[in-house]
Amino acid sequence: MSDDFEEMQESEIAARLEAEALIVDVDGFEGPLDLLLTLSRTQKVDLRRISVLQLAQQYLAFVERAKKLRLELAADYLVMAAWLAFLKSRLLLPPDPADEGPSGEELAAHLAFQLERLQAMRDAAARLMARDQKGRDFFPRGLPEDVSRIRRVRYTATLLDLMQGYARLRTRDEFRPFVMDRDAVMTMEQALERMRGLIGYAGDWTSLESYLPEGWESDPARRRSATAASFAAALELAKLGQIEIRQGETFAPIEIRRKAAPDG
Amino acid sequence: MAETDASEEKEESLFEAPPMGEQERMVEAILFASADPVSLRELQARMPHGSDPAEALVHLRKRYEGRGVRLVRVGDAWAMRTAPDLGFLMQKETVETRKLSRAAIETLAIIAYHQPCTRAEIEEIRGVSVSRGTIDQLLEMEWIRFGRRRMTPGRPVTYVVTQEFLDHFGLESARDLPGLKELRAAGLLDSRPPPGQMPGAGDGEEEEEESLEGQSELFED
Amino acid sequence: MAETDASEEKEESLFEAPPMGEQERMVEAILFASADPVSLRELQARMPHGSDPAEALVHLRKRYEGRGVRLVRVGDAWAMRTAPDLGFLMQKETVETRKLSRAAIETLAIIAYHQPCTRAEIEEIRGVSVSRGTIDQLLEMEWIRFGRRRMTPGRPVTYVVTQEFLDHFGLESARDLPGLKELRAAGLLDSRPPPGQMPGAGDGEEEEEESLEGQSELFED
């Protein structure tokens, strides 16, 4: 134990010296992991065999020192310091059987892995940048020739476009029946609708013909359809007791009028 | 090595110039990478002392004879150029895909849903006249074709969709197109009723219009 | 239209493809004319039907071995580049690349070796947050691009290196990155989740942070 302590003291001195040099440009570090990696170099061992405990102490000493010099350390450096203090206690104290968290060794191993990986990426970056580079060591064609582009346009549409286009149109005149020849056909519902609105204005007997909508009188097909629909509608309204119907003789004009309301 | 340029030059020229093969490589690389033709003088300046770019050029020119690129002289400078007989390779056909216009999509939809369908019918449904160009475009794309003439006055041409159309839209037949109810169920139909417009705007004249239309097309074709 | 095209194609393929020597010339001309790598597919598209650019490339590569310019492979594309040993002749052509920061170089290396790689992973490895500017710079240089979103909560974006990156560093593919095999064998490219809470960017909140990151980028784009 005392040996350890002595060793610790020694390394602490070394770390302190190191830290002093480091502190001058704490801004030069890219975060706590970078600082840890730099500190780890003082151990002069393979990163796989690094003493994380020692490293933690070095880091904490560094932070202490920075505090004494009243240097402002970024929050993440302090977070790392707190964590390393925690790690240190885990490494030094016998494991608490009640604690289910990762062991100090596991945490230390992961930190060592992180450092090794960061170092490996730095080495890889250096090797990458040391490669022959385009525009520096080798060169592309200086006088590339234009490739003339012949442009051909191909139009396309999806089924959805098609259906939406159709839907757009149909929404505009949604009330129309679906069939193409609908224009020559008037349904009884349409006639009924129309007649219901108009009947109130007709006090006396009026020819059914006058109920035909505008534009339906001239074309024979439409006239037929409108007449039939209106007639059926008139029958319907008569059945409901809303109008009366009469016809003077066969083929005479059919006349209707609003039934005087007998009751409320 | 605090010597002047001149003495350095002299000293270096004492060293042997690179072998001709090397010099050829150098000329090749310089000409390849240079954006402009390079003069003999510039080659000389860039190559090691004692080099003979003129001779290297002779070798290089021979080497590229009959190849896909050639060494050509441009004034008093040199450059590499594509062999003239391969100029046709310097073209690239790009196919640009564009969305069909709204007018074309609507026209196409009407034909698909109502085929065989005359132009007057399309116009009647769309409520605006259909430009000749739209129909032509669809014909050219081979998405529609002429159907039978309608046996009505003027015998107007009708349009129907093609097999190509069915293939493009992944349909077995035009009858597989979803109906209005399905469109509505699929949320493709806006349930808001549109403002205004009673049925049969321009009703009575329709038939006549169609005939005229048909007639004119009859003569145009 | 399409039908005639197809029959035309068929007809043309009945003609014999140009002799291999000719095909080699064609590939040579196309590659010489382009500053950027040309994909095998594009070569095929620009050469006469029935051509086999892959074979022509084999011949051409051999032909340029040891010359001042070389045929190099860049991903699934090919390009002509000057021989690296002659770089000293090219001071005139040298392009000053923007000096990359240490953070940018490290970030680039991490993406190259770990791709596809999320920002959270970069931060985990470097132990420090990655500034937007660093990623932007690499994107702007076209050395990295967006890869597929990671199928983890938040669907974070990933980064991968580009063809331009391979071209710039003279790599045939990302598999040829220096030391890649050794790093993999050493387990240094594995993603090892930290046991419990670790401080820094790679702590327990990582997952959530990553989600937010991915999310915000989703909306920014």
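Residue numbering restarts at 1 for every chain, and letters A, B, ... go by the order of the sequence lines.
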Would you call C:Glu22 and C:Arg25 a salt bridge, taking side-chain N to carboxylate O under 4.0 Å as the test? yes
Could you tell me whether C:Glu172 and C:Arg61 make a salt bridge, using a distance below 4.0 angstrom between a side-chain N and a carboxylate O? yes
What part of [X] lies closer than 4.5 angstrom to a heavy atom of chain A: side chain, backbone, both or neither?
{"X": "C:Ala103", "value": "both"}
{"X": "C:Phe169", "value": "both"}
{"X": "C:Ser34", "value": "backbone"}
{"X": "C:Ile125", "value": "both"}
{"X": "C:Leu189", "value": "side chain"}

Any idea how C:Phe32 and C:Tyr64 line up, ring-wise: parallel (<30°), tilted (30 to 60°), or perpendicular (>60°)? tilted
Mutual orientation of the aromatic rings belonging to C:Trp143 and C:Phe165 [parallel < 30°, tilted 30-60°, perpendicular > 60°]: perpendicular
Among A:Arg122, A:Glu116, A:Glu106, A:Met129, which residue forms the greatest number of heavy-atom pairs with chain C at distances under 4.5 Å? A:Arg122
One option among A:Arg141, A:Arg117, A:Arg136, A:Arg127 has the most heavy-atom pairs under 4.5 Å with chain C, and it is A:Arg117
Could you check which of [options] has the highest count of heavy-atom pairs closer than 4.5 Å to chain A?
{"options": "C:Met80, C:Glu182, C:His114", "result": "C:His114"}
{"options": "C:Leu177, C:Leu171, C:Val72, C:Ile30", "result": "C:Leu171"}
{"options": "C:Pro37, C:Ala35, C:Pro84", "result": "C:Pro84"}
{"options": "C:Asp167, C:Ile110, C:Leu183", "result": "C:Asp167"}

Check this for me: [X], atom [atom1], are more than 12 non-hydrogen atoms of other residues, nucleotides or ligands nearer than 6.0 Å?
{"X": "A:Arg41", "atom1": "CZ", "answer": "yes"}
{"X": "C:Glu142", "atom1": "CD", "answer": "no"}
{"X": "C:Arg184", "atom1": "CZ", "answer": "no"}

Candidate pair A:Lys134 and C:Glu164, rule salt bridge (charged side-chain N to carboxylate O under 4.0 Å, His left out), full reasoning: CA-CA 10 Å; A:Lys134 190 172 79 173; C:Glu164 177 57 29; 3.1 Å; yes
So which part of A:Arg131 gets closer than 4.5 Å to some heavy atom of chain C, the side chain, the backbone, both or neither? side chain
